[in-house]
Amino acid sequence: MPENARTAQARGAVDAWVAAEEAGDTTALGAMLTEDFAGIGPHGFQLDRGGWLDRHDSGSLVNEVFTADEIAVRHYGAETAIANGVLAQRATYRGRPVPGRFRFTAALIADGHSWRIANLQLSPMPGN
């Protein structure tokens, strides 16, 4: 597959993740996160796949706005991609406002004809 097609597919996986996070769609998120997924939040906490999904299932996290821009994708072999970008979030966590802008890194793994997310790291932007 040509590099630009692979990049478009990996970028599409990031876009799908952003849309699922904004909607709180744990069915979509569950399909795109690997079984051994690890997510590191903007304040250093780490969640496994179940914990990441539970933020939405429990109603603890409600995203009003969750967008990404400045997305860049790099490939390492045929089955690994790293995506970096900037997230903007307006949300509540357990009823408390948690807005912010964060740099993110997503490690994506090719799984047949789709890309899945194995790891996410969110870091606060200066001024957050």
Intermediate values then yes/no, side-chain contact (heavy atoms from CB on, under 4.5 Å), Asn84 and Arg74
CA-CA 9 Å; Asn84 297 103; Arg74 301 180 321 275; 2.7 Å; yes

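- There is a path of hydrophobic side-chain contacts, each under 4.5 Å, that joins Ile71 to Ile117.
- The local environment of CD in Glu79 is sparse, with at most 12 non-hydrogen atoms from other residues, nucleotides or ligands closer than 6.0 Å.
- Across Gln46 and Ala38, no two heavy atoms sit closer than the pair NE2-CB, 3.8 Å.
- For the residue pair Thr34 and Ala118, the shortest heavy atom distance occurs at OG1-CA, 3.3 Å.
- Side-chain polar atoms of Gln9 and His113 form no donor-acceptor pair below 3.5 angstrom.
- Grouping the Ile, Leu, Val, Met, Phe, Trp and Tyr side chains by contacts below 4.5 angstrom, directly or via other members, places Phe45 apart from Tyr93.
- Aromatic ring pairs are classed by plane angle as parallel below 30°, tilted from 30° to 60° and perpendicular above 60°; the pair Trp17 and Phe104 is tilted.
- Counting all heavy atoms, side chain and backbone alike, Leu53 lies closest to Gly30 at CD2-N, 3.7 Å.
- The backbone N or O of Ser114 lies less than 3.5 Å from no partner atom in the side chain of Asp111, so there is not a single donor-acceptor pair.
- One finds a salt bridge joining Glu21 and Arg55 here, because a Lys/Arg side-chain nitrogen approaches an Asp/Glu carboxylate oxygen to under 4.0 Å.
- The closest side-chain donor-acceptor pair between His75 and Thr80, if any, does not fall under 3.5 angstrom.
- Among all heavy-atom pairs drawn from Gln89 and Phe102, the shortest one is OE1-CE1, 3.4 Å.
- Listed here is the closest heavy atom pair of Leu29 and His56: CD1-CD2, 3.6 Å.
- What you find for Leu108 and Ala10 is that their closest heavy atoms are CD2-O, 4.1 Å.
- Here the straight-line distance linking atom CD1 of Ile40 with atom CG of Leu47 works out to 9.5 Å at 0.5 Å rounding.
- Hydrophobic clustering (ILVMFWY, side-chain heavy atoms < 4.5 Å, transitive): Ile109 and Val14 are in distinct clusters.
- The cluster map of Ile, Leu, Val, Met, Phe, Trp and Tyr, joined by side-chain heavy atoms under 4.5 Å apart, puts Leu33 and Leu61 in different clusters.
- Thr105 has its side chain out of reach of Leu120: every pair of non-hydrogen atoms, C-beta onward, lies at least 4.5 Å apart.
- Counting only heavy atoms from C-beta outward, the side chains of Met32 and Arg116 never approach each other to under 4.5 Å.
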